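Since the structure comes first, as structure tokens, the remarks are kept for the end.
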Number of protein chains: 2
Amino acid sequence: MAAPRTATDDGARPSGGRAAATVRGTAAAPSRAATAGAAGRRQRERSDATVEDLLAAARALFAADGYAATSLDAVCDRAGVTKGALYHHFSGKQQLFAAVYAREQDLLNARISAAYREVADDPWEAVYEGSRAYLEASLDPGVQRITLLDAPGALGWEAMHELGVNCRELTLRGVERAIRRGAIAPRAAEPLASMLYGGLSESAMAVVRSEDPETALAESLAGLRLMFDALAGKD
Amino acid sequence: MAAPRTATDDGARPSGGRAAATVRGTAAAPSRAATAGAAGRRQRERSDATVEDLLAAARALFAADGYAATSLDAVCDRAGVTKGALYHHFSGKQQLFAAVYAREQDLLNARISAAYREVADDPWEAVYEGSRAYLEASLDPGVQRITLLDAPGALGWEAMHELGVNCRELTLRGVERAIRRGAIAPRAAEPLASMLYGGLSESAMAVVRSEDPETALAESLAGLRLMFDALAGKD
DNA sequence: GAACATACATACCGTAGGTATGTCTATGTC
DNA sequence: GACATAGACATACCTACGGTATGTATGTTC
């Protein structure tokens, strides 16, 4: 049975990664935390550096060899630390992978959001551009290996979607906005978002495995264009 | 590094499963094989029964606990045999899972094909019915665990699609036929098939995890209906 | 019925995830 | 500024599990 995580055992939760990056930016901290933050600087920095090394090593090996074929010893070797350090910052292999996955999702989100926001006037066209960005970003073999091939089995569907705002949720929001503004016909947004997100994920894998990825990508984008136009009522 | 499989070591390949089922049906066999087939009947039957037990046990455990959490010892215990028997018929855990996956795909194919063929006149409507059948069949948690969550990571994308005719290929053929017969606008069939197959897979997982799967399924089908109509030019 | 192949069972090995413990250094406290 | 404490690791070890090597009994063939 899968080891259940209680709500209280987050003491071993890694301070590095996404959470630390956002929390550390806040200068307005309470008195005790402020002094502790200044005094605990060197230890904190060293810790963060170790977490960073571990995440970088893990990301490289997970991307190259996959989740199952990557040993924690190999990760530690590459990071230049021992398993003691790894297990001090992460509760196990699964959580290490979850942290790597969350980072990957953040990078994807950034690219998608940037493309999405570039189209300010047309909400449906914005979803198209976001979808295009997601498809193109997912062509990277490392991204595919981590987010599309290994994550579902290693983390499970629920955990995948609970690790922060993911690409599927971005798609959902975009679809909802397009419906609200009348860019496409009224409908339940969830199903369309699932179809788009899942379809683009599968497309990315098919494109890379194609004997001619260049034209396969072009055809996928053309097909996406046709689908978006059809859903918008343009013929 | 992942153990590389040479092209010559298929001596341990299981005679059971799909391959045997199709090969055994051919009555027109060469002389030596014909006599050997008749004389070797009892051993063959025992062997097939063992393979069947192993596949049934593996399917049950893989479906319930997932690929990684299922130990071969547990499979053997449930099947009532030892690891010697398992490794006599399968080259390892991955191939055992591959056999289970292939069976699952066959069952899905049967359901999809049946729904597809029920609509003889309208090729695009046939694709819809096939898609509907695939979505509904993929609501089963065991099917999801095996074919959607674990298979990509355990087998890899290529191996998944080389294990016989799968649902994605069925979708592709249906789309190609619909295009040939002018049911939808001309386009490259591959991208649309990928979008449909991947989208339906993701939809199935989202539907099951929804707080109200009943209405989620209804909404997904309604959304699918809208998409199919839009692609067919019906507004 | 002898030679052989098939179909297993048993015993064993190596790897890798996980744990328990020791140690060193930074940090807060008096 | 000595001391207690806790964080940040390193080291050694345990164990489960995938895989292998070998033994054996039951068909199967000539």
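Please read all numbers here as calculations on a predicted model, not as lab measurements.
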Inset, instruction - In whole angstrom, give the distance that lies between atom CG of A:Asp73 and atom C1' of C:dT19. - result: 14 Å

Inset, instruction - Using modelled atom types only, decide if a donor and an acceptor are shared between the side chain of B:Thr50 and the backbone of B:Arg46 within a distance under 3.5 Å. - result: yes

Legend entry - Closest to the B:Lys93 side chain, choosing from D:dG18, D:dA8, C:dG18: D:dG18

Inset, instruction - Among C:dT19, C:dA7, D:dA10, find the nucleotide with the atom closest to the side chain of B:Ser47. - result: C:dA7

Inset, instruction - Determine: side-chain N/O of B:His88 to OP1/OP2 of C:dA7, distance under 4.0 Å, yes or no. - result: yes

Inset, instruction - Identify which nucleotide among C:dG17, D:dC9, C:dA7 has an atom closest to any side-chain atom of A:Ala85, counting heavy atoms from C-beta outward. - result: D:dC9

Inset, instruction - Please state how far atom CG in A:Asp53 lies from atom C1' in D:dA8, giving the value in whole angstrom units. - result: 14 Å

Inset, instruction - Can you tell me the distance, in whole Å, between the CG atom of A:Asp48 and the P atom of D:dA8? - result: 9 Å

Legend entry - Nucleotide nearest A:His89 when distance is taken to its side chain, options D:dG18, D:dC9, D:dA10: D:dC9

Inset, instruction - Nearest whole angstrom, please: distance from the P of C:dG18 to the CZ of A:Phe97. - result: 14 Å

Legend entry - Euclidean distance, atom OH of residue B:Tyr87 to atom P of D:dT20 [Å, nearest integer]: 7 Å

Legend entry - Donor-acceptor under 3.5 Å (B:Thr70 side chain, B:Leu61 main chain): yes

Legend entry - Under-4.0 Å salt bridge between B:Glu129 and B:Arg117: no

Inset, instruction - Counting heavy atoms from C-beta on, name the nucleotide in D:dC9, C:dG17, D:dG18 closest to the side chain of B:Lys83. - result: D:dG18

Inset, instruction - May I ask you to evaluate whether B:Arg46 reaches the phosphate of D:dT26, defined as a side-chain N or O under 4.0 Å from OP1 or OP2? - result: no

Legend entry - A:Leu72 CG to C:dT19 C1', straight-line distance once rounded to whole Å: 13 Å

Inset, instruction - Compute the centroid of each ring, for A:Phe62 and then for A:Tyr101, and state whether the two points are separated by less than 6.0 Å. - result: no

Inset, instruction - Could you pick out which residue, A:Ser71 or A:Gly84, lies toward the 5' side of DNA chain C when each is mapped onto its nearest nucleotide? - result: A:Ser71

Inset, instruction - Could you state the atom-to-atom distance from CG of B:Asp77 to C1' of C:dA9 in whole Å? - result: 13 Å

Inset, instruction - Could you tell me the separation between the CZ atom of A:Phe90 and the P atom of C:dT19, rounded to a whole number of Å? - result: 16 Å

Legend entry - Salt-bridge present (B:Arg168, A:Glu202; N to O < 4.0 Å): yes

